[in-house]
Amino acid sequence: MIDIRLLRDDPVGVRASLVRRGVSESQVDELIETDQSFRESVLARDEARAELNLLSKSVEAAYKSKDIEKAGELRAQAKELGDRLSGLEEACTSVENKRREQLLYIPNIPDDHVPDGASDQDNVPIRYWHKDLGEVLPQEFVLPEFADSTRVPHWEIGTELGILDLERATKLSGAMFPMFRGPGSRMIRALTAFALDIHGDESTGHPYEEVRPPTMVRTETMVSTGHLPKFADDAYHLERDSLWAIPTAEVPLTSMYRDEIVEESFLPKRLTAFTACFRREAGSAGRDTRGLLRLHEFDKVEILAYATADQAQELHQELLAKAEELLRLLGITYRVVDLCTGDLGNSSKRTFDLEAYSPGTDKWLEVSSVSWFGDYQARRANLRYRKADGSGVEYCHTLNGSALAWARIWAILVEIGRQQDGSVVLPQVLAPYLGGKTTIDAKTSRLV
RNA sequence: GGAGGGAUGGCAGAGCGGACGAAUGCGAAGCACUUGAAAUGCUUUGGGCCAAAAGCCCCGUGGGUUCAAAUCCCACUCCCUCCGCCA
């Protein structure tokens, strides 16, 4: 959540920033009002409490001096004050809860650099990359030719080779649950090992610690990252056990140090995790239903960092570079997009998306989203660090990005690797993870 | 699933109605002593609300009793041990 003090100190500025990303003025004003009455009732309550504490002390003193009569008198007085206090206390908690509730629904304040915009149409491409062209500025980029053999959608290729079995997956779980088979399944395993090895590489000097977190989490864990309470409809909920299926490894990784105060020297802390991710996709029924474009369950490797405010921006670039590195190694054409205020995620301060080109569908697919959350999530998670100079305790900054989401990568690899004869050639970097064989044979559907 | 035990500061651990935001030990920081270190001694060392001195809150969470609760009562949550079941 946002820092309520910011809102107090600069209501006009904060309101303007939030309106920029689609929050209504009235929602902000309501919060300001609630906060004001909260502070008033806290003051009233504390004054009454102070008085009562004093009275209690004098009761004790009266008893000690054996003045039973006076003690009785004071007790009656205190009793009366106590009754008044409980009313004030009740009022106080109720406003406080109201304030917290309102606060939980207010999205993060976007960074000043975030471009204005209403929807994903207004996102700003920053650069393109293609294996033969290298980095290219947006205005200079022209999409190179893709061979006809690659202009086949991945679901057709997958079915043809028997490495994707969506029909039977539907039998098991319903639409939008994928099932990979044979080399198709092994590709996911190879990609995962490949990515984790790169993230965990010690020789970089800043390896990411590999974590295998739980996939089902408590409600508080989902609240910390901002996925609850606002977006409950998007998540799978196991009511009987009060657990939620994680939509991304960001959820458990961010809460790992929830309610803790770490030392400044601990930061920046880099983590990486492979998990399945579950999304109900409640608002998108009927869209992108074919193939692997939109799924209820998919595998993803996530990278995440905790940082101080000073380190955050640099870490953001580092995470982005990490995700880009994988795409480059895989030879996938992509662009980096600076998300506009209208498309920015609720908890995010700034986000870069990586969109990879799928020749089979002629679409740019979001395969990674790299976000800087400022202290928004850390406030929700009560995740802080003790400053090295001893000057106190501060909220951490959190950042994370996908690197990468495999379903869409799988789709693109299958499309760009497709040859005239229908076989699929996979990137050489995966060879060590595929038993040295990188071609899926058209006839036998086996790796050769 | 059954039975028991527990939840206190960075850790260990006392306190079991008022003098307790909390003994003691360990750890950490500073200072002194020392050529330096060790040892020793002294001092400091939780978080939050508030613009803030003051004031107020926090001993798992929520409620209750009381003038007064870490301490008594109730509920919940979590953790541990044993038994059962099990990948």
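Keep in mind that this is a model prediction, so the values were computed, not measured. The sequence lines fix the lettering, A, B, ..., with proteins before strands; numbering per chain opens at 1. Keep in mind that the numbers below use all heavy atoms, side chains included, and drop hydrogens, waters and symmetry copies.
- Scored by the ring-ring contact (aromatic ring centres under 6.0 Å, His included) test, A/Tyr306 finds A/Tyr257 as partners (sequence neighbours excluded).
- Look at the P atom in both B/rA70 and B/rA23: the space between them is 15 Å, to the nearest Å.
- B/rC20 is unpaired under the Watson-Crick or G-U wobble criterion, no partner having all donor-acceptor distances under 3.5 Å.
- When the side chain to side chain donor-acceptor pair (under 3.5 Å) test is applied to A/Ser65, no partner is found at least two apart in sequence or on another chain.
- Rounded to an integer number of Å, the gap from CG of A/Leu54 to P of B/rA19 is 14 Å.
- Pairs passing the salt bridge (Lys or Arg N to Asp or Glu O under 4.0 Å) check and including a residue from residues 209-230 of chain A, sequence neighbours excluded, read A/Glu209-A/Lys269.
- Under the side-chain hydrogen bond (donor to acceptor under 3.5 Å, both in side chains) criterion, the residue pairs touching residues 18-29 of chain A are A/Arg15-A/Asp29, A/Arg20-A/Asp116, A/Ser24-A/Ser26, with sequence neighbours excluded.
- Dashed line: the shortest gap from a side-chain N or O of A/Arg386 to OP1 or OP2 of B/rU45 is not under 4.0 Å.
- Across the C1' atoms, B/rA68 and B/rA29 are found 38 Å apart, a figure rounded to whole Å.
- A/Glu80 places its CD atom 17 Å from the C1' atom of B/rU66, with the value rounded to the nearest Å.
- Counting to the nearest Å, the C1' atom of B/rG60 and the CG atom of A/Asn382 are 15 Å from each other.
- Atom pair A/Arg49:CZ and B/rC58:C1' shows a separation of 11 Å (rounding to whole Å applied).
- Rounded to whole angstrom, the span from the CD atom of A/Glu260 across to the C1' atom of B/rG48 amounts to 18 Å.
- B/rU65: no Watson-Crick or G-U partner with both key distances under 3.5 Å is found in any strand.
- For the P atoms, the distance linking B/rU61 with B/rC78 amounts to 15 Å, nearest Å.
- Of all nucleotides present, none satisfies the Watson-Crick or G-U wobble test against B/rC50 with each distance under 3.5 Å.
- Between B/rG10 and B/rC16, the two C1' atoms lie 25 Å apart (nearest whole Å).
- Across the P atoms, B/rG62 and B/rC67 are found 23 Å apart, a figure rounded to whole Å.
- Here A/Phe352 pairs with A/His316 under the ring-ring contact (aromatic ring centres under 6.0 Å, His included) rule; sequence neighbours left out.
- When the C1' atom is compared between B/rC20 and B/rA69, the two are found 11 Å apart, to the nearest whole Å.
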Report, one pair per line, the protein and nucleotides 49-55 of chain B atoms (nitrogen or oxygen only) whose separation is under 3.5 Å.
unit_1: B/rC49; atom_1: OP1; unit_2: A/Arg5; atom_2: NH2; d: 3.2
unit_1: B/rC50; atom_1: OP1; unit_2: A/Arg8; atom_2: NH1; d: 2.5
unit_1: B/rC50; atom_1: OP1; unit_2: A/Arg8; atom_2: NH2; d: 2.6
unit_1: B/rA51; atom_1: OP1; unit_2: A/Arg39; atom_2: NH2; d: 2.3
unit_1: B/rA51; atom_1: OP2; unit_2: A/Arg8; atom_2: NH1; d: 3.0
unit_1: B/rG55; atom_1: N2; unit_2: A/Asp46; atom_2: OD2; d: 3.3

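- As rounded to whole Å, 13 Å separates atom P of B/rG62 from atom CD of A/Glu220.
- Side-chain polar atoms of A/Tyr236 and A/His296 form a donor-acceptor pair below 3.5 angstrom.
- With a cut-off of 3.5 Å on both pairing distances, the Watson-Crick or G-U wobble partner of B/rA28 is B/rU44.
- Judged as a side-chain hydrogen bond (donor to acceptor under 3.5 Å, both in side chains), the pairs with a partner in residues 79-89 of chain A (not counting sequence neighbours) are, in order, A/Arg49-A/Glu89.
- Pairing of B/rC78, defined by two Watson-Crick or G-U wobble distances under 3.5 Å, is identified with B/rG6.
- Here the C1' atom of nucleotide B/rC58 and the CD atom of A/Glu89 are 14 Å apart, to the nearest Å.
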Could you go over nucleotides 67-77 of chain B and give all protein N or O partners under 3.5 Å, atom names and distances?
unit_1: B/rC67; atom_1: OP1; unit_2: A/Arg75; atom_2: NH2; d: 3.1
unit_1: B/rC67; atom_1: O2'; unit_2: A/Ser56; atom_2: OG; d: 3.1
unit_1: B/rA68; atom_1: O4'; unit_2: A/Ser56; atom_2: OG; d: 3.3

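- The CD1-C1' distance, from A/Ile261 to B/rA28, rounds to 15 Å in whole Å.
- Of all nucleotides present, none satisfies the Watson-Crick or G-U wobble test against B/rC85 with each distance under 3.5 Å.
- For B/rC76 and B/rG1, the P atoms lie 15 Å apart once the distance is rounded to whole Å.
- Between A/Leu293 and A/His154 the shortest side-chain heavy-atom distance falls below 4.5 Å.
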For residues 174-197 of chain A, run the donor-acceptor check on the side chains, cut-off 3.5 Å, and write out each pair with its distance to 0.1 Å, sequence neighbours left out.
unit_1: A/Arg181; atom_1: NH1; unit_2: A/Asp165; atom_2: OD2; d: 2.9
unit_1: A/Thr192; atom_1: OG1; unit_2: A/Ile188; atom_2: O; d: 2.7
unit_1: A/Thr192; atom_1: OG1; unit_2: A/Trp406; atom_2: NE1; d: 3.1
unit_1: A/Asp197; atom_1: OD2; unit_2: A/Tyr433; atom_2: OH; d: 2.6

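- Of the P atoms belonging to B/rC42 and B/rC57, the separation is 34 Å, rounded to the nearest Å.
- With hydrogens and angles disregarded, no donor-acceptor distance shorter than 3.5 Å links the side chain of A/Ser371 to the backbone of A/Thr351.
- Of the charged side-chain nitrogens involved, at least one lies within less than 4.0 Å of a carboxylate oxygen, so that A/Glu60 and A/Lys64 count as a salt-bridged pair.
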